[in-house]
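Structure first, commentary second.
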Amino acid sequence: MKPTLTDLPSWSALEAHAKHIIPLHMRDMFANDPERFKRFFTEAAGIKLDYSKNRISAETKSLLVNLAREANLPEKIEAMFQGKAINTTEKRPALHIALRNLANDPIEVDGKDIMPDVRDALQQMDQFVWRIHSAQWRGFSNKPFTDIISIGIGGSFLGPKLVSASLKPYWNNTLNCHYVANIDGSHITEVLKHVNPETTLFIIQSKSFGTQETLENTKVARSWFLRNGGNLETIAKHFVAVTANTQSAIEFGIQEENIFPMWDWVGGRYSLWSAIGLPIALTIGMDGFKALLSGAHAMDNHFRTAPLEENLPVIQGLLGIWYGNFLGADSHAILPYDHYLRGLPAHIQQLDMESNGKSVDLDGDETDYTTGPIIWGGAGANGQHAYHQLLHQGTRLSPADFIIPLQSHNPVATHHAILFANCLSQTQALMQGKTEQEAKQELLDKGLSHEDANTLAPHKVIAGNKPSNTILFDKATPRTVGALIAMYEHKVYVQGAIWNINSFDQWGVELGKQLGNEILHKLLDEPSNKQLDASTEGLIDLYSTYGTS
Ligand code: F6P
């Protein structure tokens, strides 16, 4: 048997240490250490992280850092930055950091510096954005564009959608931005209802240019365009594509000069920094897009050079490992207390779960430890009136990130102070909880009898000791949003590197696609001899009897 992560001395040390930490309450940890906030606070690239409300001591942190070292994390971080083929199953590097490498230091893939291609693509974006904004590039009836529709799914959708929504205060207000991802025809139908074909630009976003949902939605968009005043010649004015598969895009009918590049060394879920970010650049302008890249670049520099003990993504990755592998948590909540950032949980969900939802290590051997957590979440404050109940009193442990800007883009009345108070009070309540004694006293103070107070008190007990991080920044600007997303990308890499898994492939999603094709043949009454399982055949029969295409 080859030695695995669980054979490392630091792993056993952490297992033993967890037994000491589990009975301790964070209330007491705070009471016993007035320096705790300062001890467990760090910042970089405009992002501040308070991780003092975690079930850790200084010893926990140092044992986790030992684990990172024994698992060769520093070498693995360097391997990513140097363009080593860390995506081992696809024999490729994962070089999203090159897309925001504003220092322009050469980065080689197969002996060739890729930075000139990255710069050319940025230049191509710059030109395009300028032509659209200055109305040099117009629609078929010579009117300037009013709407862009980005058609793509997964990484070709979630990242740009999150960032363009996060940066709404920076929109230039001449263009509306819409996204179509779902193969449910209702999505594109609803979007097309509200736009004018004369002034609508479609951006087809697909690294592979082979994704069924994207291609089918593009066909619908194209026929809608042709039915509503456009023609084969004017398609070139209204359809552009971003892809690593230029040939298929051309065969599909996109003009070569309207194709923006992608490369196989960028993973889909890490691609918002490439031309996949065109909807972002069109809505906030190229300067804003470059500021986004600069925020991510600042986080990259921090990640590459800061000591592990002060390294934001490393600390966050290690905390996740602590809870997942040693304290039994199997999920992690992302709770943005910022209306504009409400799409963050969906993006991080894909980023984390598609990257680290793996159960074999780099050698293809099944791991004897758990890997990526279930990521969930939603807009802060709203969640307090919904699922936070489970965080406070449920039986499951779900560490949570509370993400909040210090300043609001919209200082309405005292809203931001109230929002801030809500955010802090949630982390405080999760940490300290309420004892039975306190619950009973509160009830007595309200005038309840001893008997009623005794009956009710157990229901009002809140165990506390529930971990959270508080992540702050001055304001959701292009730069801070860039740094924030890059921080999560690197957190995911830290965990994948320590778990010794490949965070950059996603073979698991392929089986559903293969099976979907077989089922589609049957639904469309095309010849198929394949007998499927009874449940699937039964459901196909139901569709054949009652369904519509
Ligand atoms: O099916 C998953 C996936 O491959 C994601 O990883 C990717 O972001 C998405 O599909 C879309 O792929 P593409 O950009 O090639 O259309």
Side-chain angles (χ1 to χ4, degrees), residues 86-96 99 121 149-164 179-184 187-188 202-222 239-254 258-280 343-358 372 375 485 488-489 492-493 496 501-517 519-520:
I86 55 175
N87 177 351
T88 47
T89 57
E90 295 175 299
K91 299 190 171 59
R92 304 168 178 164
L95 276 173
H96 38 289
L99 299 168
I149 300 182
S150 171
I151 303 181
I153 199 163
S156 299
F157 158 62
L158 291 161
K161 182 170 185 246
L162 159 68
V163 177
S164 58
Y179 290 88
V180 172
N182 203 325
I183 191 62
D184 181 342
H187 196 178
I188 190 149
F202 292 91
I203 308 176
I204 316 308
Q205 310 247 57
S206 179
K207 177 179 167 183
S208 60
F209 222 83
T211 303
Q212 185 184 45
E213 293 89 334
T214 301
L215 297 186
E216 293 302 320
N217 277 324
T218 303
K219 285 184 203 159
V220 170
R222 189 170 60 176
F239 283 77
V240 303
V242 183
T243 185
N245 184 355
T246 312
Q247 199 45 44
S248 293
I250 293 171
E251 281 160 20
F252 194 85
I254 309 279
N258 290 353
I259 298 175
F260 293 80
M262 264 278 276
W263 303 275
D264 65 6
W265 46 258
V266 191
R269 51 195 175 272
Y270 299 87
S271 67
L272 71 94
W273 322 97
S274 70
I276 290 287
L278 258 186
I280 307 168
L344 189 66
H347 176 65
I348 304 301
Q349 201 169 52
Q350 188 207 12
L351 179 65
D352 202 320
M353 294 173 79
E354 204 175 52
S355 296
N356 286 344
K358 309 287 164 64
I375 301 289
I485 297 172
Y488 277 107
E489 289 178 349
V492 166
Y493 182 58
I501 56 176
N502 182 355
S503 299
F504 300 104
D505 59 12
Q506 59 284 322
W507 302 104
V509 299
E510 295 304 323
L511 177 61
K513 290 185 195 172
Q514 280 166 16
L515 298 181
N517 287 335
I519 294 171
L520 185 62

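It should be emphasised that the depicted structure is a prediction, and the values quoted were computed from it without experimental measurement. FYI, side chains are in, hydrogens and waters are out, and symmetry mates aren't considered; it's all heavy atoms of this structure. Indexing begins at 1, ligand by ligand and atom by atom, following the structure's order. Numbers for residues simply follow the sequence, beginning at 1.
The nearest protein atom to atom 7 (C) of ligand 1, hydrogens excluded, is given as Gly155 N, 3.9 Å; this is a heavy-atom distance. In terms of protein heavy-atom proximity, atom 14 (O) of ligand 1 is nearest to Ser156 OG, 2.7 Å. Counting only heavy atoms of the protein, atom 15 (O) of ligand 1 lies nearest to Ser208 OG, 2.6 Å. When hydrogens are left out, the protein atom nearest atom 12 (O) of ligand 1 is Thr211 OG1, 3.5 Å; that is the closest non-hydrogen contact. Scanning all protein heavy atoms for the shortest distance to atom 9 (C) of ligand 1 gives Ile153 O, 3.6 Å.
Ile203 pairs in a side-chain contact (heavy atoms from CB on, under 4.5 Å) with only one of the listed residues (Ile149, Ile151, Asn258, Val240), which is Val240.
Tyr493 and Phe504 have tilted rings, their planes meeting at an angle from 30° to 60° on a 0 to 90° scale. Ring pair His187/Phe157 is perpendicular by interplanar angle, where above 60° counts as perpendicular and below 30° as parallel.
Ser271 and Ser274 share no donor-acceptor pair across their side chains, judged by distance under 3.5 Å alone. Counting only N and O atoms by type, the side chains of Glu216 and Gln212 include no donor and acceptor under 3.5 Å apart.
Heavy-atom contacts of Gln350 reach the following atoms of ligand 1: 5 (C), 8 (O) (cutoff under 4.0 Å). Taking every non-hydrogen atom of Lys207 and a distance limit under 4.0 Å, the qualifying atoms of ligand 1 come out as 13 (P), 14 (O), 15 (O). Residue Ser206 approaches ligand 1 through these ligand atoms, each under 4.0 Å from one of its heavy atoms: 13 (P), 14 (O), 15 (O), 16 (O). The ligand atoms of ligand 1 that sit less than 4.0 angstrom from a heavy atom of Val509 are 1 (O), 2 (C).
Residue contacts with ligand 1 leave out Glu510, since none of its heavy atoms falls under 4.0 Å from the ligand. Assignment of Lys513 to the shell around ligand 1 is supported, since a heavy atom sits closer than 4.0 Å.
The heavy atom nearest to atom 3 (C) of ligand 1, considering only Gln212, Glu354, Arg269, Met262, is found in Glu354.
Of all heavy-atom pairs between Gln350 and Gly155, the closest is NE2-N, 3.1 Å.
Distance check: Thr246 OG1 to Ile250 CD1 gives 6.0 Å after rounding to the nearest 0.5 Å.
Between the Ser503 side chain and the Asn356 main chain, no donor and acceptor come within less than 3.5 Å of each other.
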